[in-house]
Undergrad: 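Quick one: the structure is below, and I'll ask about it shortly.
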Amino acid sequence: MKRSIPWNDQVDVILSDESSSDADDDGSGTKQANDNVSIDEPAKEESSEGVITKRAAMYQDYMKQIQIPTRRGSVIPFTSWTGLSRSIKQLYGQPLHYLTNILINRWDKMRIGSEDEDIPLDTIIHPCKAEASIWLIEEVHRITTSHHHLAKLWLSDPMPYAFIDPIFPKL
């Protein structure tokens, strides 16, 4: 039987395997040193890839379960894509997918140096269209992303947790 998670608590996705160091403890309070283990051991690297792949699968499975809101709350004023995504997360109480967050960050970076860089984005793109665009992309990321692709991206990203929102379970 699965243990249930209290749904009103925040859950963070952790990519590192730091908590597994307790498994080396033999219960006596001291850790035994293994002379045969090298620092750059490939088996350890493969196991960390396996852990990241499992976490990516859990993350993707959870994100698939979250319904995209069908009712829009209100028109959200915003000056940047990142600001709009932050407001969406607050308004709907939902995380956005890792890939959506990366894309939104890139959209903001693309405006740097353009002639309309200093103009608030909601005067260029209607807020309803901008919000709908984010939700459409979010739906694609939630439904179609492979956990293997996600794990590969997380392994290549030095700080993947910077784009992973805390998950607020409300299923």
Undergrad: State, to 0.1 Å, how close R111 and T79 come at their nearest heavy-atom pair, and which atoms those are.
TA: NH1-O, 3.2 Å
Undergrad: Honestly curious: do L121 and L91 fall in one hydrophobic cluster under the side-chain, below-4.5 Å linking rule?
TA: yes
Undergrad: Using the rule that Ile, Leu, Val, Met, Phe, Trp and Tyr join whenever any side-chain heavy atoms are under 4.5 Å apart, tell me whether I119 and W107 fall into a single cluster.
TA: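 Looking at the clustering, W107 is in the same group as I119.
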Undergrad: Is the centre of the W154 ring less than 6.0 Å from the centre of the Y59 ring?
TA: yes
Undergrad: What pairs with K64 under salt bridge (Lys or Arg N to Asp or Glu O under 4.0 Å), at least two apart in sequence or on another chain?
TA: none
Undergrad: I'd like to know if the side chain of E138 reaches the main chain of H97, judged simply by a donor and an acceptor atom lying under 3.5 Å from each other, with no hydrogens or angles considered.
TA: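 Confirmed, E138 side chain pairs with H97 backbone.
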Undergrad: To the nearest 0.5 Å, tell me how far I52 CD1 sits from L150 CG.
TA: 10.0 Å
Undergrad: So does A56 get a backbone contact from the side chain of Q60, meaning a donor-acceptor N/O pair under 3.5 Å?
TA: no
Undergrad: Does the D108 side chain pair with the main chain of W81, one donor and one acceptor, at a distance under 3.5 Å?
TA: yes
Undergrad: How far does CD1 of I88 sit from CD1 of I134, to the nearest 0.5 angstrom?
TA: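 Here the rounded value is 4.0 Å.
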Undergrad: Between R142 (side chain only) and Y62 (backbone N and O only), is there a donor and an acceptor less than 3.5 Å apart?
TA: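 Absent.
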Undergrad: Surrounding NZ of K152 (heavy atoms of other residues, nucleotides or ligands, distance under 6.0 Å), is the total greater than 12?
TA: no
Undergrad: Restricting to non-hydrogen atoms, name the atom on V140 and the atom on T144 that form the minimum distance, rounded to 0.1 Å.
TA: O-OG1, 2.6 Å
Undergrad: Indicate, with yes or no, if I68 and L103 share a hydrophobic cluster defined by side-chain heavy-atom contacts under 4.5 Å among Ile, Leu, Val, Met, Phe, Trp and Tyr.
TA: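 They do share one cluster, since a chain of ILVMFWY contacts under 4.5 Å joins L103 to I68.
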Undergrad: Strictly distance-based, threshold 3.5 Å: is any side-chain N or O of T100 a donor or acceptor partner for the main-chain N or O of L96?
TA: no
Undergrad: Between S85 (side chain only) and T82 (backbone N and O only), is there a donor and an acceptor less than 3.5 Å apart?
TA: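 Checked: pair present.
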Undergrad: Of the non-hydrogen atoms in F163 and N101, which two are nearest, and what is the gap between them?
TA: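 Closest heavy-atom pair between F163 and N101: O-ND2, 2.9 Å.
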Undergrad: With side-chain contact (heavy atoms from CB on, under 4.5 Å) as the test, would you mind laying out the steps for D157 and Y98 before giving the verdict?
TA: CA-CA 12 Å; D157 189 346; Y98 170 80; 2.9 Å; yes
Undergrad: Any chance you could measure S80, atom OG, to I104, atom CD1, to the nearest 0.5 Å?
TA: 9.5 Å
Undergrad: Any chance you could measure H126, atom NE2, to E131, atom CD, to the nearest 0.5 Å?
TA: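 So the NE2 of H126 and the CD of E131 are separated by 11.0 Å.
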Undergrad: When you compare the side chain of V75 with that of C128, does any pair of heavy atoms fall below 4.5 Å?
TA: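 A side-chain contact exists here, since the closest heavy-atom pair is under 4.5 Å.
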Undergrad: Count I, L, V, M, F, W, Y as connected when their side-chain heavy atoms are under 4.5 Å apart, and connections chain through other members. Are I102 and I143 then in the same cluster?
TA: no
Undergrad: Could you measure the distance from the NE2 atom of H147 to the CZ atom of R55? Nearest 0.5 Å is fine.
TA: 14.0 Å
Undergrad: How far does CG of D61 sit from CD of Q65, to the nearest 0.5 angstrom?
TA: 7.0 Å
Undergrad: Donor-acceptor check, side chain of D165 to backbone of P95, threshold 3.5 angstrom: yes or no?
TA: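 A pair under 3.5 Å: no.
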Undergrad: Counting N and O atoms only, with roles assigned by atom type, does the side chain of Q94 sit under 3.5 Å from a partner on the main chain of Q67, one being a donor and the other an acceptor?
TA: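 Yes: the side chain of Q94 pairs with the backbone of Q67.
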Undergrad: Do I112 and I125 sit in the same hydrophobic cluster, where Ile, Leu, Val, Met, Phe, Trp and Tyr count as joined when their side-chain heavy atoms come under 4.5 Å apart?
TA: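 Cluster IDs for I112 and I125 differ.
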Undergrad: Is there a donor-acceptor contact under 3.5 Å from the side chain of D122 to the main chain of F78?
TA: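 Yes; judged by distance alone, with no hydrogens or angles, the pair exists.
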